[in-house]
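The structure under discussion appears below in the form of structure tokens.
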Protein chains: 2
Amino acid sequence: MSKNIPEKVSNRLTLYHSIMVEYIEAGIETISSPQIAQRLGIDDSQVRKDFKLLNNAGKCRVGYMVKDLKDSIEKTLGFSKTKDAFIVGSGHLGLALAKYDSFNSYGLNILALFDNDPQKIDIQVNNKQIFHISKLPNLVQRLGVEIAILTVPRQAAQQVAEFLIESNIKYIWNFTPVVLKVPPTVKVWNENLMGSFLQFACKDIE
Amino acid sequence: MSKNIPEKVSNRLTLYHSIMVEYIEAGIETISSPQIAQRLGIDDSQVRKDFKLLNNAGKCRVGYMVKDLKDSIEKTLGFSKTKDAFIVGSGHLGLALAKYDSFNSYGLNILALFDNDPQKIDIQVNNKQIFHISKLPNLVQRLGVEIAILTVPRQAAQQVAEFLIESNIKYIWNFTPVVLKVPPTVKVWNENLMGSFLQFACKDIE
DNA sequence: ACTAAATCAAGAAAAAAATCACGATTTATA
DNA sequence: TATAAATCGTGATTTTTTTCTTGATTTAGT
């Protein structure tokens with residue numbers, strides 16, 4: 001599916017998706033670009049351009065079929081293809097993410113958690129087991145997992161990342177406030193909570 | 001400080017900031033734009049353009065002073081001005097955010113949590129108390145809090161948002177996968193975890 | 001059936017962001 | 001001290017993204 005959709009667009013697509021879910025729950029079958037645009041505070045032609053990428057034709061004077069839009073957004077963003085992942089770091093955030101069942105409906109399947117604290121080993125979180133970090137390389141190989149969600153303390157981040165890379169992890173979803181040093185074969189996505197908050201907070205609050 | 005910094009820039013600024021923290025810990029006093037650029041996989045003139053916004057002059061052949069950069073990033077992004085906030089919804093994510101002490105160093109001060117589950121009331125989380133949601137309007141007024149971090153289940157999101165707005169909350173940092181309907185006086189920031197993940201995951205994994 | 005209003009589609013224009021290119025400056029070194 | 005290499009600063013260029021505009025189409029109402 002990888003049509004190389006720009007980040008901004010895929011962000012909007014997930015917002016559109018939420019609106020589609022809402023409309024389906026409300027039993028509404030069609031939706032127009034001005035409706036969506038107003039809701040998100042963007043231009044309606046922007047919405048139509050985005051839908052164009054989905055190859056989803058609308059009907060003049062009527063709008064788009066909610067169900068079709070939802071499906072093609074899911075197809076385009078790859079909700080359907082399940083991707084397995086490990087959570088590395090079983091602190092508060094790691095546990096919260098493990099318990100966050102919505103991941104599943106977006107095609108992300110958390111198989112297990114890891115930590116180096118002996119106290120945490122073998123605890124079950126939302127039907128997922130916490131393993132000692134030393135078990136990771138073996139499990140990566142056996143289960144063919146490529147994605148790690150990194151939620152360790154920042155002091156440990158780089159070191160753990162290197163361990164993950166040695167263990168053949170290819171994608172790191174990085175929740176730590178550290179810019180990881182990785183070889184070009186490994187992809188990192190920085191989940192920059194504070195970045196977005198600051199953007200939100202600074203613009204108007206003074 | 002609100003110089004209306006574009007979202008992309010403020011995102012990069014937080015990444016630069018993390019690198020500065022790392023350099024300071026390593027005892028390195030200067031840093032050059034190509035160094036940073038390579039680390040982030042972006043163009044070095046981009047880095048210089050961003051620093052230009054900070055009014056932070058570099059020195060040819062030497063680079064920038066790490067300490068100065070860190071300070072001006074903090075000033076520009078408003079780390080220094082503390083902003084009070086409530087967490088609304090004391091589920092896994094709400095609790096994880098309450099325990100996430102890094103918020104403080106970015107100028108976000110969580111005062112309390114709220115929930116509607118009587119079982120959770122009065123529990124202390126990281127020195128912050130969980131209150132029944134009905135106590136919120138009064139506390140908003142007494143403490144002058146304007147920011148709410150919304151971490152309730154999606155089914156409740158719109159309804160709770162409306163309650164927050166009635167209670168005079170002006171900024172909602174929305175962690176639910178719902179596009180909230182709010183009046184123009186209220187600002188919403190959608191923390192779109194899945195959006196960023198999908199972007200990350202779809203581009204290369206197939 | 002005709003008219004008016006809403007909506008889509010798509011190309012043009014504008015705005016914003018990223019990259020390129022090059023002159024100027026500084027430092028290290030021969 | 002002269003030369004070379006690294007780096008900054010910035011204007012020009014390119015690319016990307018958003019907004020504007022116009023024409024076609026569909027539906028509802030007269």
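Because only heavy atoms are used, hydrogens play no part in the values below, and waters and symmetry mates are left out as well, while side chains stay in. Residue numbers begin at 1 in each chain, while the letters A, B, ... track the order of the sequences.
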Nucleotide C/dT7, atom P - distance to CE of A/Met65 in whole Å: 16 Å
So, is A/Arg12 close to the D/dT17 phosphate, meaning a side-chain N or O under 4.0 Å from OP1 or OP2? no
Can you tell me the distance, in whole Å, between the CG atom of B/Asn56 and the C1' atom of D/dC8? 13 Å
Between C/dT19, D/dT17, D/dG9, which nucleotide gets closest to the side-chain atoms of B/Asp43? C/dT19
Below 3.5 Å, does any donor atom in the side chain of A/Lys49 face an acceptor in the base of C/dG11, or the other way round? yes
In whole Å, what is the span from the CD atom of A/Gln35 to the P atom of C/dA6? 13 Å
Taking CD1 from B/Ile31 and P from D/dC8, how many angstroms apart are they, rounded to a whole number? 10 Å
Nucleotide C/dA18, atom C1' - distance to CG of B/Asp44 in whole Å: 12 Å
Treating B/Asn174 as the side-chain partner and B/Val178 as the backbone partner, does any N or O pair qualify as donor plus acceptor under 3.5 Å? yes
For a quick check, tell me whether the side chain of B/Ser45 and the base of C/dC20 share a donor-acceptor pair closer than 3.5 Å. yes
Answer yes or no: side-chain N or O of A/Arg61 and base N or O of C/dT7 forming a donor-acceptor pair under 3.5 Å. no
Any donor-acceptor N or O pair under 3.5 Å, side chains B/Asn56, B/Tyr64: no
Is B/Asp71 paired with B/Lys75 through a side-chain N to carboxylate O contact shorter than 4.0 Å? no
Residue whose closest nucleotide on DNA chain C lies nearer the 5' end, A/Ser32 versus A/Lys8: A/Ser32
Check the distance between C/dA28's C1' and B/Lys59's NZ and give it to me in whole angstrom. 14 Å
May I have the distance from A/Gln46 (atom CD) to D/dT18 (atom C1'), rounded to whole angstrom? 6 Å
Residue-phosphate contact under 4.0 Å: A/Arg48 side-chain N/O, C/dA9 OP1/OP2: no
B/Val66, B/Leu40, B/Leu69 screened by side chain to side chain contact (heavy atoms under 4.5 Å, CB included) with B/Ile19, the one that passes: B/Leu40
Any carboxylate oxygen within less than 4.0 angstrom of a Lys/Arg side-chain nitrogen, looking at A/Lys8 and B/Glu7? no
Atom pair distance, as rounded to whole Å: NZ in A/Lys52 and P in D/dT17: 16 Å
